[in-house]
Enquirer: 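The structure follows.
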Amino acid sequence: GYYRTERDKGTLYELFYKKEFLDEFQHVTLFRPFGPLMKVKSETIDVSHQIINIIVPLSGRTEAFAQFMQNFRDVCIRQDGHVYLTVVYFGHEGLGEVKKILEMTASETNFHNYTLVPLVDEFSRGRGLDMGARAWEKGEALMFFCDVDIYISPEFLNSCRINTEPGKKVFYPVVFSLYNPAIVYANLDGTPSIEQQLVHKKDSGFWRDFGFGMTCQYRSDFLTIGGFDLDVKGWGGEDVHLYRKYLHSDLIVVRTPVSSLFHLWHEKHCADELTPEQYRMCIQSKAMNEASQAHLGMLVFRDEIEAHLRKQAYRTDSEIPD
């Protein structure tokens, strides 16, 4: 669950208890005014038939997409089963490989609840997500705006369901972002598997509290609020604009860290075509993604450290009697 404090009223607690062997949650809302605790409501939330349309904008990066689909297969198809996948692909290069991966997944799992939307335009994350949302033709839908570098744990999908409500709530989870494994695990003989890297430690990653790209919201709310600013091109900015629009609306924005959603490290390139603001955000993201401050410090002072170790070794050898 989560809580939030309203400065002039008190603290509101939203608690969710899962019923064993059932796809139901007991939702208890408590309000603690600046006084004794008050029970507001208690209700049962049935999420067993709530389909999530996972929308992924993509251009190139077919190896990352293959890795994403393995996670999607294991968690979303085999464990959850109530999902739809919309992939919006920009460009021609790599499109055939993406089709092949989707068709192979369908063949091996009998999963056909997906749509591939090809676009010839220059990549724009906001436009891709907007097209993915509008490609849905079955009425209302719960959507999860996702990136190809996201690793989904089984618990997250239900967090997405219970923290959104059409016309009332949108969900902006804070993702745990993993550092560069080549730096984090440099002292090991090899890099651990992705599953072994999924730990919440200060040296393995950080809470991406400046990122607003991953979000769960209903299609009707997205369309009512006006969607993304489609004038934003390339990387960054469009998610913050949408988030701010929700903050200024009558909807409740649920913003909290979630332990079941990871952003996998990948090498980031900041293109020259970005605006100064986008480029600054991209460089900031790139720097924060590499390693913890302690690890980066060790890299910066590596020559000094190695020189110190050599001197220590020399002194030790000099003190050994003949």
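No experiment lies behind these values; they were computed from the predicted model shown.
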Enquirer: Out of Ile152, Ile150, Leu198, Val199, which one pairs with Phe262 under the side chain to side chain contact (heavy atoms under 4.5 Å, CB included) rule?
Expert: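 Result: among Ile152, Ile150, Leu198, Val199, Leu198 is the only option passing the side chain to side chain contact (heavy atoms under 4.5 Å, CB included) with Phe262.
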Enquirer: Can you run down the disulfide (SG to SG under 2.5 Å) pairs that involve residues 69-147, sequence neighbours left out, and say none if there aren't any?
Expert: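 Listed once each, the pairs would be none.
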Enquirer: Looking at Gln197 and Pro192, would you say the former's side chain and the latter's main chain have a donor-acceptor pair under 3.5 Å?
Expert: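 Pair found, side chain donor or acceptor close to backbone of Pro192.
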Enquirer: To the nearest 0.5 Å, what is the distance between CD1 (Ile162) and NZ (Lys18)?
Expert: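 NZ of Lys18 is found 10.5 Å from CD1 of Ile162.
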Enquirer: Do Phe65 and Tyr89 make the cut of ring centroids closer than 6.0 angstrom?
Expert: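 Phe65 vs Tyr89: aromatic centres not under 6.0 Å.
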Enquirer: How about Lys168 and Ile252: do any of their side-chain heavy atoms sit closer than 4.5 Å?
Expert: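 When only atoms from C-beta onward are counted, Ile252 and Lys168 do not touch, as no gap falls below 4.5 Å.
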Enquirer: Side-chain donor-acceptor pair under 3.5 Å between Ser220 and Glu140, yes or no?
Expert: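 The criterion, which ignores hydrogens and geometry beyond distance, is satisfied for Glu140 and Ser220.
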Enquirer: Judged by modelled atom types alone, do Asp239 and His241 share a side-chain donor-acceptor pair under 3.5 Å?
Expert: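 The criterion, which ignores hydrogens and geometry beyond distance, is not satisfied for His241 and Asp239.
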Enquirer: Can you tell if the side chain of Arg61 reaches within under 4.5 Å of the side chain of Asp149, non-hydrogen atoms only?
Expert: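 Yes, close enough: below the 4.5 Å cut-off.
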Enquirer: Check whether Arg219 reaches the backbone of Met143 with its side chain - one donor and one acceptor, N or O, closer than 3.5 Å.
Expert: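 No, because the side chain of Arg219 does not come within donor-acceptor range (under 3.5 Å) of the backbone of Met143.
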Enquirer: Against Thr62, only a single residue in Gln67, Lys100, Glu97 fulfils side chain to side chain contact (heavy atoms under 4.5 Å, CB included); can you say which?
Expert: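 Of the listed residues Gln67, Lys100, Glu97, the side chain to side chain contact (heavy atoms under 4.5 Å, CB included) partner of Thr62 is Glu97.
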Enquirer: About how many Å separate CH2 of Trp207 and NE2 of His263, when rounded to the nearest 0.5 Å?
Expert: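 Output value for this atom pair is 14.0 Å.
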Enquirer: Determine whether a donor-acceptor pair (N or O, by modelled atom type, separation under 3.5 Å) exists between the side chain of Ser249 and the backbone of Tyr246.
Expert: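 Yes, Ser249 side chain to Tyr246 backbone: donor-acceptor pair under 3.5 Å.
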Enquirer: Is there side-chain contact between Tyr3 and Arg32, with at least one heavy-atom pair below 4.5 Å?
Expert: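 No, every pair of side-chain atoms sits at 4.5 Å or beyond.
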Enquirer: Is the Phe144-Phe171 ring centre distance short of 6.0 angstrom?
Expert: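 No, ring centres 6.0 Å or more apart.
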Enquirer: Just do the side-chain contact (heavy atoms from CB on, under 4.5 Å) check on Lys99 and Leu95 with the steps written out, would you?
Expert: CA-CA 6 Å; Lys99 285 182 179 179; Leu95 179 59; 4.1 Å; yes
Enquirer: Using the benzene-type ring in the case of Trp, are the ring centres of Phe111 and Phe72 under 6.0 Å apart?
Expert: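 Between Phe111 and Phe72, the centre distance is under 6.0 Å.
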Enquirer: For Met69 and Leu102, what are the C-alpha separation, side-chain angles and deciding distance, and is it a side-chain contact (heavy atoms from CB on, under 4.5 Å)?
Expert: CA-CA 8 Å; Met69 285 305 298; Leu102 289 170; 4.0 Å; yes
Enquirer: Can a donor-acceptor pair be found, under 3.5 Å and without considering hydrogens, that links the side chain of Asn163 to the backbone of Ser159?
Expert: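 Looks like yes, one N/O pair under 3.5 Å.
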Enquirer: With distance as the sole test, does His200 use its side chain to make a donor-acceptor pair with the main-chain N or O of Ser259 at under 3.5 Å?
Expert: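 Looks like yes, one N/O pair under 3.5 Å.
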Enquirer: Could you pull out all donor-acceptor pairs under 3.5 Å where a side-chain atom in residues 48-59 meets a protein atom, sequence neighbours excluded?
Expert:
unit_1: Ser48; atom_1: OG; unit_2: Asp46; atom_2: OD1; d: 2.7
unit_1: Ser48; atom_1: OG; unit_2: Asp46; atom_2: OD2; d: 3.4
unit_1: Gln50; atom_1: OE1; unit_2: Tyr218; atom_2: OH; d: 3.3
unit_1: Asn53; atom_1: OD1; unit_2: Thr86; atom_2: OG1; d: 2.9
unit_1: Ser59; atom_1: OG; unit_2: Phe90; atom_2: O; d: 3.4

Enquirer: Indicate yes or no for a side-chain donor-acceptor contact from Thr105 to the backbone of Ile101 under 3.5 Å, with no hydrogens or angles considered.
Expert: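 Yes, because the side chain of Thr105 sits within donor-acceptor range (under 3.5 Å) of the backbone of Ile101.
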Enquirer: Would you say Asn180's side chain and Ala182's backbone share a donor-acceptor pair under 3.5 angstrom?
Expert: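 Yes; judged by distance alone, with no hydrogens or angles, the pair exists.
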Enquirer: Parallel under 30°, tilted from 30 to 60°, perpendicular over 60°: which one fits the rings of Phe228 and Phe145?
Expert: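 If you compare the ring of Phe228 with that of Phe145, the planes turn out tilted.
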